[in-house]
Amino acid sequence: MIPAAFEYVRAGSAAEAISLIGQHGDEAKFLAGGHSLLPLMKLRLAAPSVLVDIGRVSDLSYIRDAGDHIAIGALTRHMDVENSAVLKEHAPLLAHAASHVGDPQVRHRGTIGGSIAHADSASDLPATTLALGATYVAQGPNGTREIAATDFYHGFLQSALAADEMLTEIRVPKMQGAGWSFQKFNRRAQDWAIVGVAAWRRNGDSGVALVNMGSTPILATSVASALAGGASVSDAAQLAAAEADPQNDLNASQEYRVHLAKVLVRRALEEASK
Amino acid sequence: MKISVTVNGTAHESDVEPRTLLVHYVREVLGLTGTNIGCDTSSCGACSVHLNGEAVKSCTVLAAQADGQSVTTIEGMATDGVMHPMQQAFMENHGLQCGYCTPGMVMAATSLLKENPNPTEEEVRIGLEGNLCRCTGYHNIVKSVLAAAAK
């Protein structure tokens, strides 16, 4: 399969990338690692007329301790998120979830920013960063703005990013001492999750988000509220799908997904409560 | 567009369409047909090559993204007619049946050992999750990788 023809331009910096995307308008797309975009283009589900390759904007590949949070450059590859000593110490849930994205070849190319900007509810990192209460930083022609993960996902592959905005940084609060768990249920090793759960608990607080349980990653706020109110893990897990709106597809029916979500949230909370 | 890519140590200057995939570039432009196309959807790993020393699926990389970079294909693994230790290990341990997945397996396995020189059996199985063998010959593939690691 070969993508539809397009013009290819390479940006050397975020500012140049934003200027290039501005010149080419709505028909242009940013290309980072390409592991979400190129498969869509090969299937002709996407046919941008211009690709602005940001894969070499190397100053957006970093993981830094920024005081109360860890700052991750949008072009940091999954493999580097997975192996980051800083993340393993301060946000191990994210490092672990990154190790479940695709397979090693995919993780050598795919980036955390690309995955989040693609806004696929079936991907692992949108839901994981949502559970962690992350903030995303976007840069546009008029400067940068912060977008809470809770405000970012608007619909299937739809995000709060404007066409001429580029995701540049992901900020994840430090979570030392939190219990955490990542549950991914799939049929084959490298598949997307049929349902996935990212969860953490610390003192009275918790965060639970669901993969592939709707058109966006879902924050399971009813579960967190129930836990805060003193509910048991198994009672709270019964509320797993309260905010979800799962689809029927080849892999699973709606009912099966709801069942899976309850089981996986219970398992995740049990692991996170240890 | 003009690209220059070093493939198996040789610099190539080529004029390609931007939409040219790396796998088509190595197979059709350079004639290196050892890299196979399997699923063509970044699932099976048959098309795995090394890009700057790391395994990638060349059906999901543009040749343009490899511009200025270094690529190694299965043809670049042997030195002066002597097989790479991983290739040797596959041969000695019956790590191939029909052989279609083998080039990709060898490229993925050598990349894995670079990152984890002494993997456990489980780590080999997880590390090769991106490569499918439709003969289901995984047992001897894993054995081959462990044998290569022990060399």
Side-chain angles (χ1 to χ4, degrees), chain A residues 1-12 28-29 31-56 58 75 77-80 82-83 99-111 114 184 186-192, chain B residues 1-3 16-25 28 37 39-69 104-105 107-116 119 123-132 138:
Chain A
M1 297 179 292
I2 299 169
F6 54 85
E7 187 190 335
Y8 173 92
V9 288
R10 192 178 294 146
K29 291 281 280 179
L31 174 70
H35 276 55
S36 297
L37 182 56
L38 292 176
L40 286 183
M41 290 173 63
K42 289 173 69 178
L43 294 167
R44 308 278 173 121
L45 295 172
S49 57
V50 179
L51 282 189
V52 177
D53 186 355
I54 54 175
R56 300 195 192 184
S58 53
L75 288 164
R77 303 177 309 161
H78 300 312
M79 191 62 86
D80 299 319
E82 172 185 355
N83 292 325
S99 78
H100 283 268
V101 176
D103 53 53
Q105 290 98 314
V106 169
R107 297 196 292 275
H108 283 144
R109 296 290 300 164
T111 65
K184 183 172 183 174
N186 55 13
R187 289 166 53 211
R188 298 177 306 181
Q190 57 186 302
D191 274 346
W192 279 274
Chain B
M1 65 179 287
K2 296 261 192 285
I3 58 169
V16 299
E17 271 194 88
R19 60 178 171 166
T20 307
L21 299 166
L22 182 58
V23 70
H24 293 136
Y25 176 67
E28 291 164 20
I37 299 174
C39 69
D40 203 7
T41 56
S42 59
S43 298
C44 79
C47 67
S48 296
V49 301
H50 292 178
L51 182 58
N52 299 329
E54 294 173 324
V56 303
K57 293 181 167 176
S58 61
C59 74
T60 310
V61 177
L62 298 172
Q65 290 175 293
D67 181 25
Q69 317 288 311
M105 286 287 180
M107 301 315 283
T110 47
S111 179
L112 168 68
L113 291 194
K114 203 178 278 185
E115 287 163 15
N116 182 1
E123 285 168 342
V124 172
R125 289 184 183 276
I126 292 172
L128 294 179
E129 67 180 328
N131 293 71
L132 303 180
Y138 295 107

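Nearest heavy-atom pair, A:Pro104 versus B:Gly127, reported as atom, atom and distance to 0.1 Å: CG-O, 3.3 Å. Minimum heavy-atom separation, A:Leu38 to B:Thr60: CD1-O, 3.3 Å.
Interface remark: B:Leu112 contributes no atoms to any contact with chain A (heavy atom separation under 4.5 Å). When heavy atoms are compared at a cutoff of 4.5 Å, B:Glu115 approaches chain A solely by way of its side chain, counted from C-beta outward. Contacts between B:Ser48 and chain A at a heavy-atom distance below 4.5 Å involve the side chain alone, from C-beta outward. Within the 4.5 angstrom heavy-atom criterion, no atom of A:Leu37 approaches chain B. Looking at A:Met79, only its side chain comes within 4.5 Å of chain B, counting heavy atoms on both sides. With a 4.5 angstrom heavy-atom cutoff, B:Ile37 does not touch chain A via any of its atoms.
Ranked by heavy-atom pairs under 4.5 Å with chain A, the list B:Ala108, B:Cys59, B:Gly45 is led by B:Cys59. Ranked by heavy-atom pairs under 4.5 Å with chain A, the list B:Leu128, B:Val61, B:Thr20 is led by B:Val61. Interface summary for chain B: among A:Leu31, A:Asn83, A:Asp53, the most heavy-atom pairs under 4.5 angstrom belong to A:Leu31. For chain A, the option among B:Met107, B:Glu17, B:Arg125, B:Met1 with the highest count of heavy-atom pairs below 4.5 Å is B:Met1.
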**Message:** Show, in sequence, the C-alpha distance, side-chain angles and deciding distance for A:His108 and B:Leu51, and conclude whether the side chain to side chain contact (heavy atoms under 4.5 Å, CB included) test is met.
**Reply:** CA-CA 9 Å; A:His108 283 144; B:Leu51 182 58; over 6 Å; no
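Distance alone, capped at 3.5 Å, places no donor-acceptor pair between the B:Arg19 side chain and the A:Lys42 backbone.
Between A:Glu7 and B:Pro18 there is no side-chain heavy-atom pair separated by less than 4.5 Å. Inter-residue side-chain proximity for B:Leu62 and A:Leu51 is flagged as met; some heavy-atom pair is nearer than 4.5 Å. A 4.5 Å side-chain heavy-atom check between B:Gln69 and A:Arg56 finds at least one atom pair inside the cut-off.
Only one option out of A:Arg77, A:Arg109, A:Arg107 pairs with B:Glu54 in a salt bridge (charged side-chain N to carboxylate O under 4.0 Å, His left out); it is A:Arg77.
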